[in-house]
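Beneath this line is the structure, given in structure tokens, with notes to follow.
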Number of protein chains: 2
Amino acid sequence: MAARNYGQYCGVVRALELVGERWALLVVRDLLVGPRRYSDLKNGLSRIPTNILSDRLKELQAAGLVRRVPVPRCGLVYELTPYGRELEDVVLALGRWGFKAMGEPREGDEVTADSLAMALRTAFDAEASARIPATVFTLHLGDVTLVARAAEGRLDVVGGAEAQAASGESDAVEFAAGPQLRELIAGTLSLDEAQHSGALHVLDGDARLLERFTSLFHLDGAVAA
Amino acid sequence: MAARNYGQYCGVVRALELVGERWALLVVRDLLVGPRRYSDLKNGLSRIPTNILSDRLKELQAAGLVRRVPVPRCGLVYELTPYGRELEDVVLALGRWGFKAMGEPREGDEVTADSLAMALRTAFDAEASARIPATVFTLHLGDVTLVARAAEGRLDVVGGAEAQAASGESDAVEFAAGPQLRELIAGTLSLDEAQHSGALHVLDGDARLLERFTSLFHLDGAVAA
DNA sequence: CCGGATCCGAATCGATACTG
DNA sequence: CAGTATCGATTCGGATCCGG
């Protein structure tokens, strides 16, 4: 019972006792994008065993990080409480750090809508956004579609299902990319190279808006020397 | 062997694959304070089984986060590589988040020098420090002694052993505290109350320097409503 | 289909003992 | 001091099953 207790009176210890179990922070990662149903989570974390997902959700609820909310005619969703939402700093810090160790995708690695949404958040440069006109990016990566709206220092990302067509209010561009998107964000691949190699392909809108993309989303991709 | 793989191409996932195992981030936490010998780590994490410590150190080395360095006549120390040191953001974010969930110490909970050193770092207000004269705080908590030097926006914390007496260059104060130190930092206990209740006891130096302590070290102690 | 619960073998962890 | 070795206790993963 005291098995998962580390026996120290320390904030880091307490945090790890609450969200340090396997899969826990990935459940939180997906819930940070928005409320999700059980099957959404199961789907976004394709390798999680259902009993583990069930256990984690119960533990996160018991810890007061997650709430189970019935939605009138849509079933049942899990959502973060305010305290759970405060884990955003932790998840973003982990994402930024892990970004540098990503390397090439290993065989079998997937990219999910929620993980990509959080990745865009980790790479988002709010200060740059404050200086750049509002822009809507619709991006396709494998079978994932995401719409990211950057405006006035704020970023909003929604998954493909809820993604309505960009209204005419903002500049908009739609493109498809491969895993090399990581190198574009890391700055080790230029926009030109990406387009010529076929790593990036504009489907709709003004291709020059992609320069805004690289200005808005960048993340150090290498370990400091 | 793919057991600890989450199967996603995502920074958060990669981070958890590298440091998500039980005890791993606590080893990192202690190494963030400074290089440590095997027995230092074993001692600072009193409940870690020795084989797990051994495993974690090997894994962290294999991941390039930790280096094993022979020291001329002191034996052998483990230290973080530059990439390992970049985990500071993650550990601080976890510490800040977990601070709010600490509550009262549970029976058997310990406070170690390294965990307290990192806790002070999470609570340190660099901007406040830039406005406050350099000050040296020597603090005793249980059997832990720590010396914290705050000067010009920078904080330096060393454990009791290496803690030389404060030189006359800076203002200095020495005090003993109990676990209520947490409430002082959270702002739910005033300096006066702490001193009158005996939660805080000045041993040497000017007691008025404690006001600097509360200005330099504070952390939101409650969950947002 | 959605939202799980149950069962079981495999992997990991924890406690203690032991060694160079 | 710096770890291995061993072994029982937990936890995890994979599959299946069940009630709305």
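Heavy atoms only: backbone and side chains are in, while hydrogens, waters and symmetry mates are out. Below, chains carry the letters A, B, ... as their sequence lines are ordered, and counting in each starts from 1.
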Would you call B/R29 and B/D114 a salt bridge, taking side-chain N to carboxylate O under 4.0 Å as the test?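 Between B/D114 and B/R29 there is no salt bridge, as every charged N stays at least 4.0 Å from the carboxylate O atoms.
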Is B/R4 salt-bridged to B/E17, going by a charged N under 4.0 Å from an acidic O?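 Between B/E17 and B/R4 there is no salt bridge, as every charged N stays at least 4.0 Å from the carboxylate O atoms.
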Can you tell me how far [atom2] of [N] sits from [atom1] of [X], to the nearest Å?
X     : N      : atom1 : atom2 : value
B/R47 : C/dA15 : CZ    : P     : 7 Å
B/L53 : C/dG14 : CG    : C1'   : 13 Å
A/L26 : D/dC12 : CG    : C1'   : 15 Å
A/W23 : D/dG13 : CH2   : C1'   : 10 Å
B/D40 : D/dA2  : CG    : C1'   : 12 Å
B/D55 : D/dT4  : CG    : P     : 8 Å
B/N43 : D/dC1  : CG    : C1'   : 12 Å

Side-chain N or O of [X] less than 4.0 angstrom from OP1 or OP2 on [N]?
X     : N      : answer
A/K58 : C/dG3  : no
A/T50 : C/dG4  : no
A/R68 : C/dG4  : yes
A/R4  : C/dG14 : no

Can you figure out which of [options] approaches the side chain of [X] most closely?
X     : options               : value
A/N51 : C/dT6, D/dG3, D/dC12  : C/dT6
B/Y78 : D/dG3, C/dG4, C/dC2   : D/dG3
A/R22 : C/dC2, C/dT16, D/dC12 : D/dC12
A/S39 : C/dG3, D/dG13, D/dA2  : C/dG3
A/E21 : D/dG3, D/dT11, C/dA5  : D/dT11
A/P49 : C/dG3, D/dG14, D/dC12 : D/dG14

Please list, chain by chain and in numerical order, all residues satisfying ring pair (Phe, Tyr, Trp, His ring centres under 6.0 Å) with A/F217, sequence neighbours excluded.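 Counting only residues at least two positions away or on another chain, A/F217 forms a ring pair (Phe, Tyr, Trp, His ring centres under 6.0 Å) with A/F124, A/F213.
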Can you run down the ring pair (Phe, Tyr, Trp, His ring centres under 6.0 Å) pairs that involve residues 27-64 of chain B, sequence neighbours left out, and say none if there aren't any?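 Applying ring pair (Phe, Tyr, Trp, His ring centres under 6.0 Å) to every pair that reaches into residues 27-64 of chain B, excluding sequence neighbours, yields nothing.
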